[in-house]
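Have a look at the structure below, then the notes.
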Amino acid sequence: MSHTAHIPSHRKPRQRASKSALRAGVAGGVLSTIAVAGAAGPAQAEPVTQTIEMPTITSGFSTAVAASAQATQQVALDLETQADEDAAAEKAAKTAKKAHAEAVRKAEAKKKAEAAAKARAEAEAKERAERASRTSERTTLSASSGSSDSGSSASAPSSSSNVSGSAASIVAFAQAQVGDAYVPGGTGPNSWDCSGLTQAAYRTAGIDLPRVSQSQSTFGTQVSLDNLQPGDILYWGSAGSAYHVAIYIGGGEFVGAQNSNTGTVQRSLDYDRPTGAVRVL
């Protein structure tokens, strides 16, 4: 394009004088009309002298609202604090109740243990006294038996006073248990059944007998009741199926755990004649 070419202008074109005059006339007419209309209006119209004001929030009202909100928040805080205190008090009460129950339980257990210990001590003291009494009675009986046997025939049966060795140990143990209770299955030290007593007596001599009477009645050599020696095992029933056993101690007597009514006793063979006997020593 040539540099001399016409470039259109963006400026608004000047208004012509005729148009300006026309516009000024129109404006003047409008103003005149408004003035006439105002003069023709009712003469009694009064100008507005009052205005309606919108209510405004004063500083006092704002303070009251803030105070109410603060009071509500304080009440909520107080309720929460009270709830925490109530929960803590309830927990403390439960803990105290549990501790009290535990203390009562321990006190009762201690009381029972002390009572049991006292009862055991009394029972042991009574048992020692009874054993001492039995020992004294046996000593007196042995002494009197020795005196009465001094003038008797030499063919009299052997007595426990002249037993020696393993037989003496067995007889002494058996006699020391006289007065003990009879308990089925008992193996001592203060209660026995028949075979439990004989087994324990033979153990003092280093001999292990079978546990039950049936086996003990065949443990050793069968001997006649007219040829007994201290320490022999007496049995009732047939050999191999005996229902009761005892220990011959000499002098025509035996020691055995008889039954729950008599306990462990020392008796004459005539009291309950045995069926047979075996010799282990």
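Nothing here was measured: the structure is a model prediction, and the numbers come from that model.
Looking at Arg267 and Gln258, their side chains never come closer than 4.5 Å, going by heavy atoms from C-beta outward. Counting heavy atoms from C-beta on, the side chains of Ser169 and Thr204 come closer than 4.5 Å. Taking the side chain as every heavy atom from C-beta outward, Phe219 and Val280 approach each other to under 4.5 Å. In this structure, Leu225 and Pro274 have side chains that are in contact, with non-hydrogen atoms separated by less than 4.5 Å. In this structure, Leu228 and Val223 have side chains that are in contact, with non-hydrogen atoms separated by less than 4.5 Å. In this structure the side chain of Val278 never reaches within 4.5 angstrom of the side chain of Ser217, judged on heavy atoms. Here the side chains of Leu281 and Asp232 are not in contact, with every heavy-atom distance at 4.5 Å or above. Between Leu209 and Ile233 the shortest side-chain heavy-atom distance falls below 4.5 Å.
Rounding to the nearest 0.5 Å gives a distance of 7.5 Å between CD of Gln73 and CD of Gln70. Taking CG of Asp86 as the start and OG1 of Thr81 as the end, the distance is 10.5 Å to the nearest 0.5 Å.
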### Task
Begin from the C-alpha positions of Asp208 and Arg203 and carry the test side chain to side chain contact (heavy atoms under 4.5 Å, CB included) through to its verdict.
CA-CA 6 Å; Asp208 290 328; Arg203 190 176 291 125; 4.2 Å; yes
### Steps toward side chain to side chain donor-acceptor pair (under 3.5 Å) verdict (Asp78, Gln82)
CA-CA 6 Å; Asp78 291 344; Gln82 185 63 43; over 6 Å; no
### Candidate pair Glu102 and Arg105, rule salt bridge (charged side-chain N to carboxylate O under 4.0 Å, His left out), full reasoning
CA-CA 5 Å; Glu102 182 65 15; Arg105 185 190 66 79; 2.6 Å; yes
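With hydrogens and angles disregarded, no donor-acceptor distance shorter than 3.5 Å links the side chain of Tyr202 to the backbone of Gly206.
Asn259 and Thr262 share a side-chain donor-acceptor pair at under 3.5 Å.
Nearest heavy atoms, Tyr271 versus Phe254: CD2-CZ, 4.2 Å. In plain terms, the two heavy atoms of Gly240 and Thr218 that are nearest each other are N-CG2, 3.3 Å. Summarising the geometry of Ser213 relative to Val245, their closest heavy-atom pair is CB-CG1, 3.7 Å, with the distance given to 0.1 Å. The two residues Ala257 and Cys194 make their nearest non-hydrogen contact at O-CB, 3.6 Å.
A side chain to side chain contact (heavy atoms under 4.5 Å, CB included) with Thr198 holds for exactly one of Leu234, Asp193, Ile247, Val255; it is Ile247. Of the residues Arg211, Gln214, Gln216, the one that meets the side chain to side chain donor-acceptor pair (under 3.5 Å) test with Ser195 is Arg211.
For residues 234-243, the pairs satisfying side chain to side chain donor-acceptor pair (under 3.5 Å) are Gln222-Tyr235, Trp236-Asp272, Ser238-Ser241, with sequence neighbours left out. Applying the side chain to side chain donor-acceptor pair (under 3.5 Å) rule to pairs touching residues 90-100 yields nothing, sequence neighbours excluded.
Val178 and Tyr182 are members of different hydrophobic clusters when ILVMFWY side chains are connected at heavy-atom separations under 4.5 Å. Under a hydrophobic clustering in which Ile, Leu, Val, Met, Phe, Trp and Tyr are joined whenever their side-chain heavy atoms come within less than 4.5 Å, directly or via other members, Val212 and Leu197 fall into different clusters.
Phe173 and Trp192 have perpendicular rings, their planes meeting at more than 60° on a 0 to 90° scale where under 30° would count as parallel.
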